[in-house]
Student: 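Below are the structure tokens for one structure; questions will follow.
Only a predicted model underlies this, so the values are computations on that prediction, with no experimental measurement involved. What you see below is based on every heavy atom in this structure, not just the backbone, and it leaves out hydrogens, waters and symmetry mates. One-based numbering along the sequence shown.
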Amino acid sequence: MSLSSTTQQAARRHPLQKRQLGEMLVERELISEDQLQQALEEQRSRSKRKLLGELLVELNLVTEEQIIETVAVSYGVPYVKLNPRLADPRVTELLPKEFIEEHAVLPLFRVEGVLTIAVCELENLFLIEEVERLSGCKIQIVAAAESDIRSTSQSYLPDANVFVIDDIYEDVDDEDFSVVVEKQVTDLGDLELIAGQSPVVKLVNYIIYSAVQDRASDIHIEADDHRSRVRYRVDGGLFVKLTPPYQMHPAIVSRIKIMSKMDIAERRQPQDGDIHVRLDGRPIDLRVSTMPAKFGEKVVIRIIDNRNSIVPIEKIGFDEETLVKWREIISHANGVVIVSGPTGSGKSTTLYSVLSELSTDDLNVSTVENPVEANLPGINQFQTNTKAGFTFGAALRAMLRQDPDILMVGEIRDQETALIATQAALTGHLVFSTLHTNDAVSAVTRLINMGVEPFLVAAILRGVLAQRLVRKICPHCKESYEPEERTRAMLGLAEDESIELFRGAGCSRCRGTGFAGRLGIFELFIPDDEMCEAISRNAHMHELKEIAVRQGFYSLREDGLAKARAGLTTVEEVFCVTS
């Protein structure tokens, strides 16, 4: 007799009542009698009745796992604490993906025709019979918490090009990362075979896993004439993480190419691809770029962790006054709002924060990006495809026929995109975009140089936010110090003027750098009537900056130095970033 049959018989003989569950929890000393009575009274007083178990969890008297384990004991069913290593991903194909998601069941493994599945609803006899019918197997059930079932199933549900890298470094010996071949492999068949062997797979998984744990934004894998090295970019700077033997480099590159669905036979041309991985149950996107070099292909992997992509506006780094002004600008009904700065200055993060704040059910918010770096709930996101002719200009023209309220263009990079964005702003839409300029005021001349008439720039431009990222002082080794003469001169301090500054001494948590994390420094340019008049007559950049200064314009460096005085970053970091 299978365990499911035993369970069905036990369920018919001993149906679990609410009172019985409470009594069992008291017997197991998981709750007291007083707590049980309190929960029952709370249950009776509510207009919408809840199951006793749900209510006890809500009141923080027991955990979901304790409830499931108690119910399992009453049915004579084993209870398991699930993790991704317990399940065989191949058996998930025995049940439809939709069925697994809807009913919170998870096939674990199959032995001699008996399929073991994890369920959270032990009393649902029809569910077990349906699993038997769909899988064509005899069923053995174990009990597990619904949250564990869903998080584990996300690791194994069929999804194109998704790799699970949880727990990849447990029980791994040093020899797993040793050389797998004595000489460099040139045969493509052998290379593909070696790229799938366990040591190489574990090493590549470790590289990705460790990079995410270290908060890296990019991974660089490169070779010279005698070694391979793996570097991470953390807080804007690169450091060496690993130096695998040079003989492993082709296999490492091939493994990454296989994961990102690239052509491993093509080693003379650059290639681009992407990998979707799950780490700790959350999705992480990896943008992969390979390029042929003298001693072997170089790989750069951009890590896009959706958990870090959307930051509330108030946590980006604005001071109170700038935040108020910025919120006024983004609340306009129409016009163009630009975020400017070089690559890697946090422009996309700022725009994502804005769109997340503005997005509501009564607005149609759409973006066109290359690539889409994070999923924004409730927002229509489109990715350009230059080879297919789906450029920024073409996408923006199409979006204007989609009844939009707010548009975001990843970058204004040519005359066509600039003119269409101008047209959209003039016809009542609010348009957000980015430009690569050194400061906020320069965005005006950049638009004019792209072919937008000066009077149109004056009419549509609502504001320009220029930004940079500076490293934050590590809170674990932060110390105060008296600035040296050179630093005092940089700050323009008088001889008798005292000031307390801060820096990081360097510790193991920040790898001796004295910095941990980054924050933004900003300058906000808001054209008023005088400025719009000067823009309309195509005034020189020097004149525009003079007008801005007279109006109290606060520069990037001034904002950075204010944050240095507040102990958030260092003076040297601010001058380095704003030089």
Student: With Ser433 as reference, evaluate Val368, Ile412, Val336 under the side chain to side chain contact (heavy atoms under 4.5 Å, CB included) test and give the passing residue.
Tutor: Ile412

Student: Taking the six-membered ring of Phe239 (Phe, Tyr or Trp), confirm whether the NZ or CZ of Arg511 is under 6.0 Å from its centre and within 45° of its axis.
Tutor: yes

Student: Atom CZ of residue position Arg537 - does it have more than 12 heavy atoms of other residues, nucleotides or ligands inside 6.0 Å?
Tutor: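 Yes.
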
Student: Is it the case that atom CE in Met541 sees more than 12 heavy atoms from other parts of the structure closer than 6.0 Å?
Tutor: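 Yes, because the 6.0 Å sphere around CE of Met541 holds more than 12 heavy atoms from other groups.
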
Student: Between the side chains of Ser442 and Thr437, does any donor sit under 3.5 Å from an acceptor?
Tutor: no

Student: Is it the case that Ser366 and Gln402 place a side-chain donor and acceptor less than 3.5 Å from each other?
Tutor: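 Side chains of Ser366 and Gln402: no pair found under 3.5 Å.
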
Student: Any cation-pi pair here, Lys241 with Tyr232, using under 6.0 Å and within 45°?
Tutor: no

Student: Looking at Asp361, I want to see if its CG is surrounded by more than 12 non-hydrogen atoms of other residues, nucleotides or ligands under 6.0 Å.
Tutor: no

Student: One thing to verify: whether Arg413 and Glu411 come together as a salt bridge, which I'm taking to mean a side-chain N less than 4.0 angstrom from a carboxylate O.
Tutor: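 Yes, this pair counts.
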
Student: Is the positively charged end of Arg503 above the ring of Tyr481, judged by distance under 6.0 angstrom from the centroid and angle within 45° of the axis?
Tutor: yes

Student: So, Asp285 versus His276: side-chain donor-acceptor pair below 3.5 Å or not?
Tutor: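 Yes, because at least one side-chain N or O of Asp285 sits under 3.5 Å from a partner of the opposite role on His276.
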
Student: I'd like to know if the side chain of Asn370 pairs up with that of Gln383 as donor and acceptor (distance under 3.5 Å, no hydrogens or angles considered).
Tutor: no

Student: Just by distance, with hydrogens left out, do Tyr352 and Glu357 show a side-chain donor and acceptor under 3.5 Å apart?
Tutor: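 No.
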
